[in-house]
J.: 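Quick one: this structure, given as structure tokens, is what I'll be asking you about.
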Amino acid sequence: MTDTALDLDLDRLRGGTQPRNHDARTIAALTANPGCARRGVMDAAGVDKDFLARELGFPSPFGQSQFAITRGNVFEAQVKADGCAELLTLLRDRLGLEVPEVAYDDLEVVAGNEGRELRHARTRRLLERALESDEGTLFDHPLLRLEIAGQVAYLEPDVIAFQLRGRLHVIEIKSFAVVDGQAEPEQVAAAARQSAVYVLALRRLVAELGHPADRVSHEVFLVCPENFSNRPTATPLDVRPQLAVLERQLARLTRIDRIVGELPPDLSFAPGEALPEAVRAVDARYAPECMASCEMAFFCRDEARACGATGTLGRSVRDDLGGVDSIGTALALADGSLEPSDDLAETAAQLRTADRLRRELLGGAA
């Protein structure tokens, strides 16, 4: 399947609507479940999964409140005002960095044009110049690219990359508060995962330009409001663990062209009576963990429960059962009413042992 043919197929799957771009959050969530063909196809095609879930009657609760979005935008604008003057002062005074005077480039719009190719080309050109000169240069809204399962995804991060002692650093601006030097662990973990996506994309671009990938530092600077005020504070964040997980999971993702090639040639996720059947035509890999990261989770949970899928019991249980996709099959193997195939013999033996121990415990309790 040629790239052009694949693009046409993905356009058909979207129902002719404009694709939604990946962002760091969606990529981090995608790598959390690399075996899910349904999510892989929808994200590669740029399907609006939130809209799709509502059309299917399973709306998701994802999304920030308008108040949180407005507060975040105000805080980010404050930090970036006047060529990031406040941010540079913060890095010098709070973290003690010897940051020299730097040039500032805003790459959100290029000559009045918001086109992705033009913005990425300018990002690439300015980064190449900065890497060759080693000068202190600061980039706002660089447009990066990252290959996801054989498809190129554009990243439009609200981040800043700046050069210090010959290494580029990513700065992630978040609106959650740091109170008495502590922030909500889950929010910090999510920021670390998203920052790792930016670091990886930036490293791959630097490598394409002929420079060592480690010219992009694994140390990210997280900028947040301090003590519920609008005064920013900065904290170094080591994202090496998140980078390792991200690279490993991206390598495991099934190539989208293979999945799409096995789907019906007229399949489309366009709204209508055929939508539920179209979505079910693409295999899902549901687990309760999906509830925290995917807009389609409620639909997939309902589907998995209806067919008694082992994934409803948790990803670790499904993985331990190794190839047994149905709870009914697992129970039949456990009580001996179903003879296992050769490849399930070991799993069946473990299930029978577990069933025997359960019966003994229940008998002892009785």
Side-chain angles (χ1 to χ4, degrees), residues 23-24 76-147 152-173 191-192 194-223 232 234-240 242-243 246-247:
D23 57 27
E76 182 179 328
Q78 173 193 329
V79 171
K80 293 182 177 181
D82 300 321
C84 296
E86 185 170 5
L87 175 63
L88 291 173
T89 300
L90 177 67
L91 294 175
R92 292 179 182 123
D93 296 346
R94 183 61 183 252
L95 298 181
L97 299 178
E98 297 178 3
V99 182
E101 294 299 322
V102 298
Y104 171 83
D105 290 287
D106 189 344
L107 302 171
E108 187 172 18
V109 178
V110 178
N113 191 319
E114 298 183 6
R116 296 187 303 183
E117 289 295 338
L118 183 60
R119 286 182 56 203
H120 177 70
R122 178 163 170 77
T123 298
R124 183 186 179 96
R125 186 167 61 253
L126 291 180
L127 274 171
E128 184 174 25
R129 183 191 306 166
L131 289 166
E132 291 173 353
S133 67
D134 284 344
E135 294 177 356
T137 305
L138 189 148
F139 303 102
D140 191 358
H141 293 107
L143 188 64
L144 308 173
R145 297 196 302 193
L146 192 62
E147 186 175 296
V152 173
Y154 284 87
L155 296 173
E156 301 184 27
D158 292 330
V159 302
I160 295 168
F162 78 103
Q163 190 162 220
L164 180 65
R165 302 191 190 96
R167 300 189 78 188
L168 291 166
H169 296 71
V170 167
I171 298 177
E172 180 75 347
I173 301 174
Q194 293 176 20
S195 298
V197 174
Y198 299 140
V199 170
L200 180 60
L202 196 54
R203 281 186 169 183
R204 292 190 176 177
L205 176 55
V206 166
E208 288 176 12
L209 295 172
H211 295 271
D214 62 5
R215 288 286 298 270
V216 180
S217 176
H218 59 262
E219 187 175 60
V220 168
F221 296 110
L222 182 62
V223 177
T235 306
L237 200 60
D238 188 338
V239 298
R240 277 178 292 187
Q242 291 78 13
L243 271 171
L246 178 63
E247 292 188 283

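What you see is a predicted model; the values in this text were computed from it and never measured.
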J.: Should Leu127 and Leu202 be marked as a side-chain contact (heavy atoms from CB on, under 4.5 Å) after you check the CA-CA gap, both sets of side-chain angles, and the distance that decides it?
T.: CA-CA 10 Å; Leu127 274 171; Leu202 196 54; 3.7 Å; yes
J.: Do you know the tightest heavy-atom contact between Ala234 and Leu90?
T.: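 Looking at all heavy atoms of both residues, the closest pair is CB-CD2, 3.7 Å.
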J.: If you apply the rule side-chain contact (heavy atoms from CB on, under 4.5 Å), what do you find for Leu138 with Ile171, and how did you get there?
T.: CA-CA 10 Å; Leu138 189 148; Ile171 298 177; 5.8 Å; no
J.: Looking at Pro142, is its backbone amide N or carbonyl O close enough to the side chain of Thr123 to form a donor-acceptor pair, meaning the two atoms are under 3.5 Å apart?
T.: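 No; zero donor-acceptor contacts below 3.5 Å.
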J.: To the closest 0.5 Å, what do you measure between CG (Leu97) and CG (Leu88)?
T.: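 If I round to the nearest 0.5 Å, the distance is 10.5 Å.
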J.: Do you know the tightest heavy-atom contact between Pro236 and Glu219?
T.: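 Taking Pro236 first and Glu219 second, the nearest heavy atoms are CB-OE2, 3.5 Å.
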J.: Considering non-hydrogen atoms only, spot the tightest contact between Tyr104 and Cys84 and give its length.
T.: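 Shortest heavy-atom contact: CE1-SG, 3.6 Å.
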J.: Of the non-hydrogen atoms in Leu126 and Phe139, which two are nearest, and what is the gap between them?
T.: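 Closest approach of Leu126 to Phe139, heavy atoms only: CB-CE2, 3.5 Å.
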J.: For residues Glu86 and Pro232, report the shortest heavy-atom separation together with the two atoms involved.
T.: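 Glu86 and Pro232 have their closest heavy atoms at OE2-CD, 3.2 Å.
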J.: More than 12 foreign heavy atoms under 6.0 Å from CG of Asp82: is that the case here?
T.: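 Atom CG in Asp82 is not crowded, with 12 or fewer foreign heavy atoms closer than 6.0 Å.
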J.: If I take atom CZ from residue Arg145 and atom CD from residue Glu117, how far apart are they, to the nearest 0.5 angstrom?
T.: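 It is 5.5 Å, given to the nearest 0.5 Å.
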J.: Determine the minimum heavy-atom distance between Leu246 and Ala196, stating which atoms define it.
T.: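 Scanning both residues completely, I find the closest heavy atoms to be CD2-O, 3.7 Å.
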J.: To the nearest 0.5 angstrom, please state how far the CG atom of Leu87 sits from the CZ atom of Arg92.
T.: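 Leu87 CG to Arg92 CZ: 9.5 Å, rounded to 0.5 Å.
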J.: Determine yes or no for a side-chain-to-main-chain donor-acceptor pair under 3.5 angstrom, with Arg203 supplying the side chain and Asp214 the backbone.
T.: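 Side chain of Arg203 to backbone of Asp214, a donor-acceptor pair under 3.5 Å: no, none is there.
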J.: Taking only residues two or more places apart in sequence or in another chain, which ones pass salt bridge (charged side-chain N to carboxylate O under 4.0 Å, His left out) with Glu76?
T.: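 Here the qualifying residues are Lys80.
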J.: I'd like to know if Glu147 pairs up with Arg204 as an ion pair, taking the criterion as any Lys NZ or Arg NE/NH1/NH2 lying under 4.0 Å from an Asp or Glu carboxylate oxygen.
T.: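 Between Arg204 and Glu147 there is no salt bridge, as every charged N stays at least 4.0 Å from the carboxylate O atoms.
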J.: Say whether, by atom type as modelled, one donor and one acceptor occur between the side chain of His211 and the main chain of Val206 under 3.5 angstrom.
T.: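 The answer is no, because no donor-acceptor pair under 3.5 Å joins these two groups.
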J.: Run Gln242 and Val199 through side-chain contact (heavy atoms from CB on, under 4.5 Å) and show every step you take.
T.: CA-CA 10 Å; Gln242 291 78 13; Val199 170; over 6 Å; no
J.: Which label fits Phe162 and Phe221: parallel for a plane angle under 30°, tilted from 30 to 60°, or perpendicular past 60°?
T.: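 Tilted, since the angle between the ring planes falls between 30° and 60°.
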J.: Can you tell me how far apart CG (Leu107) and CG (Leu143) are? Round to the nearest 0.5 Å.
T.: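 These two atoms lie 8.5 Å from each other.
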J.: Within a strict 4.5 Å, meaning less than it, do heavy atoms of the Glu108 and Asp140 side chains meet?
T.: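 The answer is no, as the side chains (C-beta and beyond) never meet within the 4.5 Å cut-off.
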J.: In Å and rounded to the nearest 0.5 Å, what is the CZ to CD distance from Arg215 to Gln163?
T.: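 Arg215 atom CZ to Gln163 atom CD measures 5.5 Å (nearest 0.5 Å).
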J.: Atom CG of Leu209 and atom CZ of Arg125: how far apart are they, to the nearest 0.5 Å?
T.: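 Rounded to the nearest 0.5 Å, the CG-CZ separation comes to 12.0 Å.
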J.: Mind running side-chain contact (heavy atoms from CB on, under 4.5 Å) on Arg124 and Leu205 for me, showing each step along the way?
T.: CA-CA 7 Å; Arg124 183 186 179 96; Leu205 176 55; 3.7 Å; yes
